[in-house]
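In what follows, a structure is listed as structure tokens, so that the remarks can point back to it.
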Amino acid sequence: METFRQQGDEDRTEMTDGTSTQTIPPARPTEPLPTSPSVPASTPTGPRSTPTGRAQTEGEALPAPRRTRVMTVANQKGGVGKTTTTVNVAAALATAGLRVLVLDLDPQGNASTALGIPHHAEVPSVYDVLADGTPMRDVVQSCPDVPNLLCAPATIDLAGAEIELVSLVAREMRLGRALTTYLRDEEDRGERIDYVLVDCPPSLGLLTINAFVAAEEVFIPIQCEYYALEGLSQLLKNIELIKAHLNPSLHVSTILLTMYDGRTRLSAQVAEEVRRHFGEQVIRSTVPRSVRISEAPSHGQTVMTYDPTSSGALSYAAAAVEIARHGAGEGGNR
């Protein structure tokens, strides 16, 4: 971590010290960053990843996993791209022919908005499943823009769910039991769900604990900035606690680097640090900063449908390819 503090000091422009003034030298043209030996040379970096993404995804049907993969997308730090990653990876998988269910556990309901799913107070939602025991099939809706993509929406009622869950029996297990029943019913109907992605709030409360207990895999988006690394150790400790006491099969399977800016040394250093510590768990594709990704939710869409040829859409599509190949036992590019 000290490396990043020192780098920040080196990059800072010399300013007036109160007694003398230094002339600020003219900005030098940005030089291309050398490829780090610990980061594969094929790693996409921002908009430059477009050709790679297109080559991997155009016209390609992704392999289905041997059984349903339930992945909780979690990071207690806000603004790292959890919801954006959830909806766009889900849309990319569904576009490639897989059946995908998104569970929106964030009271803000941003995942529901991005998928074009109504989530006002009167809509049956995940809150009803957790607090009242409503069957999940009664709250799941189809995404209007992407075939094969389903969503159990969140409403503002979820904001008070953690308080209401405190007094309930087996409060940590409620989401997992409802999901297991729903998945079994869908399989009996011959409509198996291939992937379940659970979008969590930026906290480690009962909603997130329910998500951890319901899943076998944790999918962590990490923003390519220094502060994003500071809370990661606490998240990993909490995952270990859940694994020890509530869900022995839980493990971190996937890490995605988001908001990557190939023009800065800091992004490259954060990426190198994460890859060094987590190895093959880190997806090779990186998601660049992209205006299109930010614009898409305001139109009630994912970037996959809003602008499928943008660098952000192609990066998420490439990430989906890696996730699907890894889940099908092909190893993918990981």
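A donor-acceptor pair under 3.5 Å links the side-chain atoms of N247 to the main chain of A215, judged by distance alone. Using modelled atom types, no side-chain atom of S267 and backbone atom of R263 make a donor-acceptor pair closer than 3.5 Å. Between the side chain of D106 and the main chain of Q108, a donor-acceptor pair closer than 3.5 Å is present. Although no hydrogens or angles enter the test, the distance criterion places a donor-acceptor pair under 3.5 Å between the side chain of T72 and the main chain of A211. K82 contributes a side-chain N or O that, together with a main-chain N or O of K77, makes up a donor-acceptor pair within less than 3.5 Å. H245 contributes no side-chain N or O that, together with a main-chain N or O of K243, makes up a donor-acceptor pair within less than 3.5 Å. Side chain of T305 to main chain of T302: a donor-acceptor pair is present (N/O by atom type, distance under 3.5 Å, no hydrogens or angles).
Applying the side chain to side chain contact (heavy atoms under 4.5 Å, CB included) rule to A152 yields the partners L103, V126, V139, V140; only residues at least two apart in sequence or on another chain are considered. Not counting sequence neighbours, the partners of E216 by the side-chain hydrogen bond (donor to acceptor under 3.5 Å, both in side chains) test are R67. Residues passing the salt bridge (charged side-chain N to carboxylate O under 4.0 Å, His left out) test with E164, sequence neighbours excluded: none. Partners of D157 according to the salt bridge (charged side-chain N to carboxylate O under 4.0 Å, His left out) rule, which considers only residues two or more places apart in sequence or in another chain, do not exist here. Residues that satisfy the salt bridge (charged side-chain N to carboxylate O under 4.0 Å, His left out) test with D185, not counting sequence neighbours, are R137. With sequence neighbours excluded, the residues forming a side-chain hydrogen bond (donor to acceptor under 3.5 Å, both in side chains) with T155 are S125, listed by chain and number. In this view, N210 satisfies the side-chain hydrogen bond (donor to acceptor under 3.5 Å, both in side chains) rule with no residue, not counting sequence neighbours. Annotation: side chain to side chain contact (heavy atoms under 4.5 Å, CB included) contacts of R171 (sequence neighbours excluded): L165, V166, L206. Residues satisfying the side-chain hydrogen bond (donor to acceptor under 3.5 Å, both in side chains) criterion with T86, sequence neighbours excluded, are absent altogether.
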Step by step, work out the side-chain contact (heavy atoms from CB on, under 4.5 Å) result for L250 and V218. CA-CA 7 Å; L250 187 68; V218 181; 3.5 Å; yes
If you apply the rule side-chain contact (heavy atoms from CB on, under 4.5 Å), what do you find for L149 with S142, and how did you get there? CA-CA 6 Å; L149 181 53; S142 297; over 6 Å; no
Does the pair L62 and R325 meet the rule for a side-chain contact (heavy atoms from CB on, under 4.5 Å), with working shown? CA-CA 7 Å; L62 298 182; R325 288 181 175 172; 5.6 Å; no
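In this structure the side chain of V73 never reaches within 4.5 angstrom of the side chain of C200, judged on heavy atoms. Proximity of P201 to L105: side-chain heavy atoms (C-beta onward) are separated by under 4.5 Å at one or more points. The shortest side-chain heavy-atom distance between P118 and P153 does not fall under the 4.5 Å cut-off. Residues L257 and V282 form a side-chain contact, since some pair of their non-hydrogen atoms from C-beta on lies under 4.5 Å apart. You'll find the side chain of Q281 stays beyond 4.5 Å of the side chain of S253, heavy atoms only. The shortest distance between side-chain heavy atoms of S203 and T208 falls below 4.5 Å. Counting only heavy atoms from C-beta outward, the side chains of L232 and I222 approach each other to under 4.5 Å. Between T286 and C224, every side-chain heavy-atom pair lies at or beyond the 4.5 Å cut-off.
In this structure, L168 is a member of the same hydrophobic cluster as Y127, with clusters built from ILVMFWY side-chain heavy atoms closer than 4.5 Å. Hydrophobic clustering keeps F219 apart from M259 (ILVMFWY residues linked when any side-chain heavy atoms are closer than 4.5 Å, directly or through intermediates). Residues V146 and V102 are members of one and the same hydrophobic cluster, defined by side-chain heavy-atom contacts under 4.5 angstrom among Ile, Leu, Val, Met, Phe, Trp and Tyr. Cluster membership check: V123 does not share its hydrophobic cluster with L130, using side-chain heavy-atom separations under 4.5 Å among Ile, Leu, Val, Met, Phe, Trp and Tyr. Hydrophobic clustering (ILVMFWY, side-chain heavy atoms < 4.5 Å, transitive): V213 and L235 are in one cluster.
The distance from atom CG of N148 to atom SG of C143, rounded to the nearest 0.5 Å, is 10.5 Å. The distance from the NZ atom of K237 to the CG atom of L241 is 9.5 Å, given to the nearest 0.5 Å. Distance CZ/R177 to CE/M136: 13.5 Å, rounded to 0.5 Å. D138 CG to D128 CG: the interatomic distance, rounded to the nearest 0.5 Å, is 9.5 Å. We find the CG-CD1 distance between N88 and I293 to be 6.5 Å, quoted to the nearest 0.5 Å. Here the CD-CD distance, from E272 to Q269, works out to 7.5 Å after rounding to the nearest 0.5 Å.
Residue A92 comes nearest to A317 through the heavy atom pair CB-CA, 4.1 Å, listed as atom of the first residue, atom of the second, then distance. Closest approach of A324 and L93 over heavy atoms only: CB-CD2, 4.1 Å.
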Side chains of residues 191-198: which donor-acceptor pairs under 3.5 Å do they make with residues two or more places apart or in other chains?
| residue | atom | partner | partner atom | Å |
| --- | --- | --- | --- | --- |
| E191 | OE1 | R189 | NH2 | 3.3 |
| R192 | NE | D194 | OD1 | 3.4 |
| R192 | NH1 | P65 | O | 3.4 |
| R192 | NH1 | R66 | O | 2.9 |
| R192 | NH2 | P65 | O | 2.7 |
| R192 | NH2 | D194 | OD1 | 2.7 |
| D194 | OD2 | R99 | N | 2.9 |
| Y195 | OH | R69 | NH1 | 3.3 |

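For residues 271-312, the pairs satisfying ring pair (Phe, Tyr, Trp, His ring centres under 6.0 Å) are H299-Y306, with sequence neighbours left out. Sorted by first and then second residue, the pairs that involve residues 298-313 and meet salt bridge (charged side-chain N to carboxylate O under 4.0 Å, His left out), not counting sequence neighbours, are R292-D307.
For the pair E273 and R276, the salt-bridge criterion is met [side-chain N within less than 4.0 Å of a carboxylate O].
For the residue pair D199 / T83, a side-chain donor-acceptor distance below 3.5 Å is found, with atom types taken as modelled. A side-chain N or O of S112 and one of D104 form a donor-acceptor pair less than 3.5 Å apart. A side-chain donor from one of S285 and E322 sits under 3.5 Å from a side-chain acceptor of the other.
Screening V252, V274, L256 against I220 for a side-chain contact (heavy atoms from CB on, under 4.5 Å) leaves a single residue, V252.
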